[in-house]
Amino acid sequence: MATVDWTADANEALTLSLVRAEEDKQILGGEETYEEFHPTFTYPIYGEDEKIYGYQDLVIDLRFASGSLAQYLSVRHAKKLDASTTVDNVEGILKEFIPPDYDTDEAAFLTRVQEDAVSFKPIGDVVHTYTRLAPSTSGSGSATREEVEYEVYHATWNDPGFREYHRRMQIFILLYIEAGSYISEDDDAWHFFVLYEKRKRHNGTKTYHFIGYSSVYKFYCFPEKHRLRLSQFVILPPYQHQGHGSELYKTIYNYALLTPLISELTVEDPAEAFEDLRDRNDLRMLLDNENFMQEGFGNETVSHGGGKVQKRKTRARANPMGVSSGMVKVTGKMGPPIDKVWSESFRTQLKMAGRQWQRLMEMLILKHLNPTDVQAAKAYRLQVKERLYRFNFEILAQLEKEERLEKLEETFQSLREDYLRILEMIK
């Protein structure tokens, strides 16, 4: 007789849905789906192994009204073990992480979805808007697709109703950010940027639908300014890989840039995917900054064509080897090696954290580096290795000189490959 497995994978058992009112579903494109997706992590809720014991065919159905995030919870299973002491209390465990006003009656929840769809309005102030073409319905071309609006709202604990709203959305931090945790509502230094889709119904009514959010922390920076530290950042799976994360990140960066009393935007322990997103957007911003590029690369570059740094083209006749054209080549402040005073001046002006800025400079120099210029390649290698040595000093200082040099070269080559990978993304 086959052994019955009473263990369920919590990530597969927990099913999440962003539920829209019927009128809002009618306008969706054929490829749009916002229901029945799964979390990446459940260990903060159900333990390190992310396993739930005592059930067969377990389904934890957690739904959210797509705008207000009002919640519905239902736990279903085909069979349950009788030994109550060893069976996990699925709902009892999960309800500790969500507000107590969740619905357990499906009809009552769907009525609430219909009502909230019209009445819900985002909390805070609009700080950024953008548009995208609506996903296509089957057989429709771009000419028949309408534009969908998106809005980012800036909110704090002082905005009426935001604490309650935050309690509904914060569970996404546990489910999608590794080592994510809930934050204290008693700390007034927190700021939030929440992204919504603003969709127009057939009758012209516009409704809001939650996409994701970021929490940032403002802390004192001597002598009279503040740093802004991006702490949590999540875009829900149905909206990923559509450019929404970049729009949210750029909103936060521009908020920091345009707020006089903020000196710098930093990021707390970024995940690899977020680090890539940040790098891509920071690089594009610098490539589009004409003053920076002109001062940095002199007459070698003048434009960013689709992310590509290009040399000025000329139709002049080529000069024979060793014959001067009478023109002086201006390499610019980027070198290599980079002009550190000039670089630091731009860094503070653009309010970027030190290590991130150095990485960006290294990527831009590599992008522009002439592979036949041996002297420049050496200067670049030494510049990067100097930073790597300082950054990893405690580890490298314990090694013998030969081993230390080997380790530095190995790290440099690995970093160079990663830079090339990132640069490929912005072509």
Side-chain angles (χ1 to χ4, degrees), residues 227-230 233 245-258 262-298 300-310 331-370 376-377 379-392 411-427:
R227 282 193 180 96
L228 204 61
R229 182 177 64 206
L230 196 156
F233 190 100
S246 289
E247 293 290 346
L248 182 56
Y249 171 73
K250 287 187 291 187
T251 302
I252 298 166
Y253 174 72
N254 286 327
Y255 173 82
L257 196 62
L258 298 174
I262 293 177
S263 64
E264 186 176 287
L265 175 66
T266 66
V267 178
E268 178 184 347
D269 192 21
E272 185 176 323
F274 180 82
E275 202 162 49
D276 281 355
L277 179 149
R278 180 191 188 191
D279 288 342
R280 292 196 307 270
N281 284 283
D282 287 351
L283 282 169
R284 288 185 179 122
M285 181 273 295
L286 290 170
L287 288 164
D288 286 334
N289 188 320
E290 291 185 13
N291 288 338
F292 171 80
M293 293 302 294
Q294 186 64 46
E295 291 183 29
F297 292 101
E300 287 288 296
T301 61
V302 291
S303 68
H304 164 215
K308 205 166 188 176
V309 181
Q310 299 172 329
T331 57
K333 301 290 187 178
M334 292 289 274
I338 196 168
D339 184 316
K340 292 182 179 179
V341 174
W342 171 85
S343 174
E344 179 62 14
S345 174
F346 255 104
R347 184 193 73 80
T348 54
Q349 177 185 326
L350 296 175
K351 301 185 179 182
M352 289 198 174
R355 179 172 175 268
Q356 173 67 358
W357 179 260
Q358 289 174 326
R359 292 177 67 255
L360 293 168
M361 295 305 97
E362 291 165 5
M363 282 186 244
L364 287 175
I365 294 172
L366 179 61
K367 182 175 181 65
H368 185 63
L369 203 60
N370 183 345
Y380 174 72
R381 188 168 63 250
L382 291 174
Q383 176 183 315
V384 176
K385 285 185 176 181
E386 179 188 2
R387 180 184 69 81
L388 292 174
Y389 182 77
R390 293 177 184 276
F391 187 70
N392 299 287
T411 306
F412 168 76
Q413 293 297 341
S414 174
L415 188 70
R416 181 179 176 278
E417 288 300 311
D418 196 49
Y419 284 173
L420 292 172
R421 177 186 65 84
I422 294 165
L423 290 168
E424 277 292 314
M425 299 179 188
I426 60 170
K427 282 189 173 180

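- Side-chain N/O atoms of Y249 and D282 include a donor and acceptor closer than 3.5 Å.
- Among all heavy-atom pairs drawn from A376 and P336, the shortest one is O-CG, 3.3 Å.
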Sequence neighbours excluded and cut-off under 3.5 Å, please list the side-chain donor-acceptor pairs for residues 267-278, or say none.
residue	atom	partner	partner atom	Å
E268	OE1	S231	OG	3.0
D276	OD1	R421	NH2	3.0
D276	OD2	R421	NH1	2.9

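- Listed by chain and number, the residues in a ring pair (Phe, Tyr, Trp, His ring centres under 6.0 Å) with Y255 are H154, F193 (sequence neighbours excluded).
- Applying the side chain to side chain donor-acceptor pair (under 3.5 Å) criterion to S343, with sequence neighbours excluded, gives W357.
- Here Y389 pairs with F393 under the ring pair (Phe, Tyr, Trp, His ring centres under 6.0 Å) rule; sequence neighbours left out.
- The salt bridge (Lys or Arg N to Asp or Glu O under 4.0 Å) test applied to E362 returns R387, not counting sequence neighbours.
- Evaluation of the salt bridge (Lys or Arg N to Asp or Glu O under 4.0 Å) rule for E417 yields no partner, not counting sequence neighbours.
- Between the CG atom in L388 and the CG atom in L415 there is a gap of 5.5 Å [rounded to 0.5 Å].
- Residues L286 and L360 meet the side-chain proximity criterion, which asks for heavy atoms closer than 4.5 Å.
- The closest side-chain heavy-atom distance from L364 to L423 is not below 4.5 Å.
- Note that the CD atom of Q349 and the CG atom of L257 stand 8.5 Å from one another [nearest 0.5 Å].
- With sequence neighbours left out, S345 forms a side chain to side chain contact (heavy atoms under 4.5 Å, CB included) with no residue at all.
- Listed by chain and number, the residues in a side chain to side chain donor-acceptor pair (under 3.5 Å) with N281 are S246 (sequence neighbours excluded).
- Expressed to the nearest 0.5 Å, how far CE of M334 lies from CH2 of W342 amounts to 5.5 Å.
- Each salt bridge (charged side-chain N to carboxylate O under 4.0 Å, His left out) pair with one or both residues in residues 341-357, not counting sequence neighbours, appears once here: E264-R347, E344-R347.
- Here the shortest heavy-atom pairing between L265 and Y253 reads CD2-CA, 3.8 Å.
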R359/Q356 under side-chain hydrogen bond (donor to acceptor under 3.5 Å, both in side chains): CA gap, chis, key distance, verdict: CA-CA 5 Å; R359 292 177 67 255; Q356 173 67 358; 3.0 Å; yes

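- Considering only residues two or more places apart in sequence or on other chains, Y380 meets the side chain to side chain donor-acceptor pair (under 3.5 Å) condition with none of them.
- Taking 4.5 Å as the limit, some side-chain heavy atom of I338 sits within range of a side-chain heavy atom of Q383.
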